[in-house]
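These notes are about the structure you will find just below.
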Amino acid sequence: GDLLPVLPLAADRRLRGLYHVAIAMAACARADRLAAVAALETALAHDPACLEAATALEQLRRTATPSAPAIQRLFS
């Protein structure tokens with residue numbers, strides 16, 4: 001059987017959203033703007049309340065590709 005703990009649905013959405021924020025950070029490190037936008041949009045599809053994804057996407061649309069450290073600062 002499945003031994004993984006069952007997370008509340010909200011926590012599951014939050015984790016999936018943050019997973020895609022991490023993918024966006026990796027894309028930014030590669031200067032892959034399109035992949036970063038896609039990952040952030042996917043993060044918001046999983047968790048519409050993901051402030052980190054929404055803020056990073058707004059920055060991405062306003063400027064050039066942000067650095068991974070710039071996205072990391074959103075967690076501070």
Side-chain angles (χ1 to χ4, degrees):
D2 192 359
L3 299 177
L4 294 175
V6 176
L7 294 172
L9 190 55
D12 188 46
R13 280 194 303 266
R14 177 90 176 125
L15 289 175
R16 281 182 286 160
L18 292 175
Y19 169 79
H20 288 285
V21 171
I23 291 173
M25 290 170 63
C28 287
R30 297 188 313 271
D32 187 345
R33 189 174 192 283
L34 291 176
V37 167
L40 292 170
E41 288 173 342
T42 301
L44 289 170
H46 285 288
D47 180 10
C50 185
L51 184 60
E52 296 86 0
T55 304
L57 187 57
E58 179 184 321
Q59 287 179 357
L60 196 58
R61 289 180 171 158
R62 273 189 294 140
T63 64
T65 305
S67 65
I71 295 178
Q72 284 176 317
R73 284 193 291 277
L74 298 175
F75 291 91
S76 300

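Since the structure is predicted, the reported quantities are computational estimates derived from the model, not experimental observations.
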Report all side-chain donor-acceptor pairs from residues 35-43 shorter than 3.5 Å, counting only partners two or more places apart or in another chain.
unit_1 : atom_1 : unit_2 : atom_2 : d
Glu41  : OE2    : Arg61  : NH2    : 2.7
Thr42  : OG1    : Ala38  : O      : 2.8

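Here the side chain of Arg14 pairs no donor or acceptor atom with the backbone of Asp47 at under 3.5 angstrom.
Residues forming a side-chain hydrogen bond (donor to acceptor under 3.5 Å, both in side chains) with His46 (at least two apart in sequence, or on another chain): Arg16.
Atom CZ in Arg62 sits 10.5 Å away from atom CG in Leu57 (nearest 0.5 Å).
Of the candidates Leu15, Ile23, Val21, Ile23 is the only one forming a side chain to side chain contact (heavy atoms under 4.5 Å, CB included) with Tyr19.
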